[in-house]
Q: 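The structure is given below, and queries will be raised subsequently.
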Amino acid sequence: MFAVPENTVALAAAPALKHPARIAVEYALDRDRWKSHLRYDPAERFSVLLDRTGDHEIWLMSWLPGQSTDLHDHGSATGAFTIVSGVLTERVMRTGDTLELRPGQSRVFAPHYVHQVSNQGADPAVSIHVYRATREMRTYP
């Protein structure tokens, strides 16, 4: 048998926060929860706030082919996003990676994570985004 230090065990009195990626996946799988809010805007990427709690915000976003964000971060927020349909491309500045994200895949971000997301495909895309803290978007040239 081995001893587990007290500070490594989650106490029942301490509320356990669900990880933003788990929240995003749960929302992505429950289409009835958000399908009435889904829109496609030919002029710009569409986004709508689905839910706000004391811990996080949940956003639905749709992307027509060619739509993208500017290069940006989310300030001090942490969070995650999950692809519901279509394909999105994420360019990550810290690593220089360009990732192709497909339905069911999630990405997690920490404060000051600089990236750009775009729909470079031929079909519309839908994603669910969860921000732990108020959604903020600081753009870069």
Q: Can you tell me how far CD of Q67 sits from OG1 of T69, rounded to the nearest 0.5 angstrom?
A: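 Interatomic distance, T69 OG1 to Q67 CD, rounded to 0.5 Å: 11.5 Å.
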
Q: Partners of D51 by side-chain contact (heavy atoms from CB on, under 4.5 Å), sequence neighbours excluded?
A: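 side-chain contact (heavy atoms from CB on, under 4.5 Å) check on D51 returns Y27, T53, I58.
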
Q: Run the side-chain contact (heavy atoms from CB on, under 4.5 Å) test against P65 and tell me which residues pass, sequence neighbours left out.
A: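 Expected list: N119.
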
Q: From H129 NE2 over to F81 CZ, what is the distance, rounded to the nearest 0.5 angstrom?
A: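 Output value for this atom pair is 6.0 Å.
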
Q: What pairs with R31 under salt bridge (charged side-chain N to carboxylate O under 4.0 Å, His left out), at least two apart in sequence or on another chain?
A: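 With sequence neighbours excluded, R31 shows a salt bridge (charged side-chain N to carboxylate O under 4.0 Å, His left out) to no residue whatsoever.
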
Q: Determine, step by step, whether R132 and D55 satisfy the side-chain contact (heavy atoms from CB on, under 4.5 Å) criterion, reporting the C-alpha distance in whole Å, the side-chain angles of both residues, the deciding distance to 0.1 Å, and the verdict.
A: CA-CA 6 Å; R132 178 115 33 234; D55 298 323; 3.8 Å; yes

Q: Quick one: do V84 and S127 satisfy side-chain contact (heavy atoms from CB on, under 4.5 Å)? Show the steps, please.
A: CA-CA 5 Å; V84 176; S127 54; 5.6 Å; no

Q: Got a donor-acceptor contact below 3.5 angstrom from the E100 side chain to the T89 backbone?
A: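 No; zero donor-acceptor contacts below 3.5 Å.
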
Q: Looking at every non-hydrogen atom in both residues, tell me the closest pair between P103 and G86 and how far apart they are.
A: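 Smallest heavy-atom distance, with atoms named: CD-O, 3.2 Å.
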
Q: Can you measure from CD1 (I128) to CG (L50) and round to the nearest 0.5 angstrom?
A: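 One gets 5.5 Å once the value is rounded to the nearest 0.5 Å.
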
Q: Taking all heavy atoms of S68 and all of S118, pick out the closest pair and write down the distance.
A: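 Looking at all heavy atoms of both residues, the shortest contact is CB-CB, 3.3 Å.
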
Q: Identify the two heavy atoms, one from S47 and one from M61, that lie closest to each other, and give their separation to 0.1 Å.
A: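 Reported closest heavy-atom pair: CB-CG, 3.7 Å.
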
Q: List in chain and number order the residues that pass salt bridge (charged side-chain N to carboxylate O under 4.0 Å, His left out) with R91, two or more places apart in sequence or in another chain; answer none if no residue qualifies.
A: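 With sequence neighbours excluded, R91 shows a salt bridge (charged side-chain N to carboxylate O under 4.0 Å, His left out) to no residue whatsoever.
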
Q: Work out which heavy atom in P124 is nearest to a heavy atom in Y40; give both atom names and the distance.
A: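 Looking at all heavy atoms of both residues, the shortest contact is CB-CE2, 3.6 Å.
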
Q: Under the side chain to side chain donor-acceptor pair (under 3.5 Å) rule, collect the residues that match up with S62, sequence neighbours excluded.
A: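 Scan of S62 (side chain to side chain donor-acceptor pair (under 3.5 Å), adjacent residues dropped) gives none.
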
Q: What salt bridge (Lys or Arg N to Asp or Glu O under 4.0 Å) pairs are there with at least one residue in residues 105-127, not counting sequence neighbours?
A: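 Those involving residues 105-127 are E90-R107.
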
Q: Which residue pairs pass the salt bridge (Lys or Arg N to Asp or Glu O under 4.0 Å) test with at least one member in residues 19-30, sequence neighbours excluded?
A: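 Qualifying pairs, neighbours excluded: K18-E26.
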
Q: Under the side-chain contact (heavy atoms from CB on, under 4.5 Å) rule, collect the residues that match up with S106, sequence neighbours excluded.
A: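 If we apply the side-chain contact (heavy atoms from CB on, under 4.5 Å) test to S106, skipping adjacent residues, the hits are V25, T82.
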
Q: Going by the rule salt bridge (charged side-chain N to carboxylate O under 4.0 Å, His left out), which residues pair with D97 if we only count those two or more places apart in sequence or in a different chain?
A: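 Partners of D97 under the salt bridge (charged side-chain N to carboxylate O under 4.0 Å, His left out) test: none.
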
Q: Between L64 and F46, is there a shared hydrophobic cluster once you connect ILVMFWY residues whose side-chain heavy atoms come closer than 4.5 Å?
A: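 Same cluster: L64 reaches F46 through Ile, Leu, Val, Met, Phe, Trp or Tyr contacts under 4.5 Å.
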
Q: Going by heavy atoms in the side chains, are L49 and E57 under 4.5 Å from each other?
A: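 When only atoms from C-beta onward are counted, E57 and L49 do touch, with a gap below 4.5 Å.
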
Q: Say you draw a straight line from CZ of R102 to CD1 of I83; how long is it, rounded to the nearest 0.5 Å?
A: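 R102 atom CZ to I83 atom CD1 measures 10.5 Å (nearest 0.5 Å).
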
Q: Which atom pair, heavy atoms only, marks the closest approach of T78 to P111?
A: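 Nearest heavy atoms, T78 then P111: CG2-CD, 3.3 Å.
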
Q: Show every salt bridge (Lys or Arg N to Asp or Glu O under 4.0 Å) that has at least one partner inside residues 111-120, sequence neighbours left out.
A: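 Output for this query is empty, none listed.
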
Q: Between V117 and W63, does the side-chain contact (heavy atoms from CB on, under 4.5 Å) criterion hold? Intermediate values first, please.
A: CA-CA 10 Å; V117 180; W63 314 70; 3.5 Å; yes

Q: Sequence neighbours excluded, which residues qualify as side-chain contact (heavy atoms from CB on, under 4.5 Å) partners of V108?
A: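 side-chain contact (heavy atoms from CB on, under 4.5 Å) check on V108 returns H19, A21, A80.
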
Q: Report the residue from T98, D70, L71 that forms a side chain to side chain contact (heavy atoms under 4.5 Å, CB included) with Q116.
A: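 Result: among T98, D70, L71, L71 is the only option passing the side chain to side chain contact (heavy atoms under 4.5 Å, CB included) with Q116.
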
Q: Does anything in residues 89-114 pair up under ring pair (Phe, Tyr, Trp, His ring centres under 6.0 Å), and if so which pairs, sequence neighbours excluded?
A: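 Every ring pair (Phe, Tyr, Trp, His ring centres under 6.0 Å) pair that includes a residue of residues 89-114, provided the two are not neighbours, is H74-F109, F109-Y131, Y113-H115.
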
